[in-house]
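Data block below; observations after.
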2 protein chains.
Amino acid sequence: MNLEKRLHSRGYRYTPQREAVFGVLKENEGKPLSPEEVHELACKRFSSLGLTTTYRSLELFCDLGLATRVHLHGDSHYYEVNTGKHHHHMVCLSCGAIEILEACLIEELKERVRDGSDFLVTEHCMSLFGYCPGCLTSRKG
Amino acid sequence: MNLEKRLHSRGYRYTPQREAVFGVLKENEGKPLSPEEVHELACKRFSSLGLTTTYRSLELFCDLGLATRVHLHGDSHYYEVNTGKHHHHMVCLSCGAIEILEACLIEELKERVRDGSDFLVTEHCMSLFGYCPGCLTSRKG
DNA sequence: TCCTTATCGACAATCATTATCATTTAATAA
DNA sequence: TTATTAAATGATAATGATTGTCGATAAGGA
Ligand SMILES: [Zn+2]
Ligand SMILES: [Zn+2]
Ligand SMILES: [Zn+2]
Ligand SMILES: [Zn+2]
C-alpha cells in the first residue's frame, strides 16, 4: 500500500510535505536518519518544508507503522523506513558508519525472561558499537 | 577501592559533593537514575549541591569506571553504579518500573557478527520494554 | 598555615523537541 | 468547478535537558 492510501485509510491527509519526508526515508532504507538530516534531504523534494512538519511527519509515520524509531547513542532521535524486516544496527565509534545487523536473539532472551520473571516483553531495542572495517584498517597504518 | 582512593589515584579531588552523588548511586544499585533524580536525592546528603556539579560528577564517574550510562527510551540520560556485573533492563511501559535482566546473549551475537562482517564489536546496549507483573495484574480487573 | 588550582555553583547559552496560532490547503460536497 | 471546513503547515515562542562560562570556594600539598 502506498503512502497516500495508508494515510487516507487512517483519516490523514496526503500532502506533498509528507510525501517528501517519506520519500527520503524510503531512499535511505537501512540508514537511520535524524530529523535534521531528514529535513535537509526532504527540502530538496519540497523546498519550503518546515522542520516542525518534518518532526510531526516522522512521528506520524511511526504511529502508522510506516517508520520505526531507532535508538542509538547520541542526543538525537533517529528514524528509518519500516521494511517489515526486523533488524538492529552496528555503529562505528570512529566514523559513525552504520551497518545493518539482521541477527537478533530476542526470542531466546524472551524465553529466559519467561523463566525468571513475569515481565511481559513487547518491545526491545539494541545497538552494537565498535569499529567498522574501514576504520580498523586505517588504524593499523 | 573506595571513592576517595579512586579519585586520588587519577588525580581528582575527593569532595563532599562527589561523595554525595556517588552515595546515591550506590544506594540505588540496579536502578538507573536520571541526573535530576540523582540531584534531588544527593541534596539530602549535601544540601547545597548544584545540578551542574551533579551532571559533572556522573560523567566523571563513568570515565573512571565507577558508573555506567544506561540508555533507555525517553529524553534523559540515566546512570547506575558500576557493580562489575554486566546486565540489562526491562522497563514497564505502563508504570516505568525497571527490572534487572542478567541474561545477555551478546557473545552469541558477536560470533554471528564475526561470521558475517568485519565489524569489531566493543560495546552494546539493549533494553527490553513491556509490562511488569503488577501492571499486568491490574489490567485484568 | 598558606598556595595553587581543581572544583564548585549560579547563570547564561545551546541543542533537540514540542506547543502555539494564524495561515494555507486537501478533501469533500454542492 | 467552486465553496466549505477542518486538517495540516510553518514561523515563532516555549520547553527541557545538557553544557559552557566565570568568579568564588576549598581540597590537598608545601
Ligand atoms: Zn568507521
Ligand atoms: Zn531484535
Ligand atoms: Zn508496571
Ligand atoms: Zn549485554
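Convention: sequence-line order gives letters A, B, ...; per-chain numbering from 1.
- For A:L3 and C:dA26, the CG to P distance is 14 Å, given to the nearest whole Å.
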* Structure fact -> The contact string for nucleotides 25-30 of chain D, one letter per nucleotide 5' to 3', using protein heavy atoms under 4.0 Å with B, S and - for base, sugar-phosphate only and none, comes out as -BBS--

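- For the pair B:F61/B:R18, a side-chain contact is recorded, criterion being any heavy-atom separation below 4.5 Å from C-beta on.
- Applying the 6.0 Å contact sphere to CZ of A:F46 captures more than 12 heavy atoms from other residues, nucleotides or ligands.
- Inter-axis angle, ends of the helix from C:dT1-D:dA30 to C:dA30-D:dT1, five pairs per end, rounded to 10 degrees: 30°.
- Paired with B:L128 under the rule side-chain contact (heavy atoms from CB on, under 4.5 Å), one option of A:E123, A:M126, A:H124 passes, and it is A:H124.
- Both B:L109 and B:F119 belong to a single network of hydrophobic side chains, linked directly or stepwise wherever heavy atoms of I, L, V, M, F, W or Y lie under 4.5 Å apart.
- Between the CZ atom of B:R10 and the C1' atom of C:dA6 there is a distance of 16 Å, rounded to whole Å.
- Across the protein-nucleic acid pair, A:H39 atom NE2 and C:dT17 atom C1' stand 14 Å apart, rounded to whole Å.
- Look at CD on B:E19: it is 16 Å from C1' on C:dT7, rounded to the nearest Å.
- Looking only at side-chain heavy atoms (C-beta outward), A:P35 and A:S76 come within less than 4.5 Å of each other.
- Shown for residues 43-62 of chain B: residues whose heavy atoms fall under 4.0 angstrom of DNA chain C, namely B:F46, B:S48, B:L49, B:G50, B:T52, B:T53, B:R56.
- B:H86 and B:H88 share a side-chain donor-acceptor pair at under 3.5 Å.
- For A:E99 and B:S117, the side-chain atoms include at least one donor-acceptor pair closer than 3.5 Å.
- In this entry the distance linking NE2 of B:H77 with C1' of C:dA16 reads 11 Å, nearest Å.
- Criterion: ILVMFWY side-chain heavy atoms under 4.5 Å apart, direct or through other members. Under it, B:F129 and A:V113 are not part of a common hydrophobic cluster.
- Taking the side chain as every heavy atom from C-beta outward, A:L64 and A:L7 approach each other to under 4.5 Å.
- Distance B:E40 CD to D:dA17 P: 13 Å, rounded to the nearest Å.
- When each of A:L49, A:L33, A:T54 is paired with A:L41, the side-chain contact (heavy atoms from CB on, under 4.5 Å) condition holds for A:L33 and for no other.
- Atom CD of A:E108 is surrounded by more than 12 heavy atoms from other residues, nucleotides or ligands within 6.0 Å.
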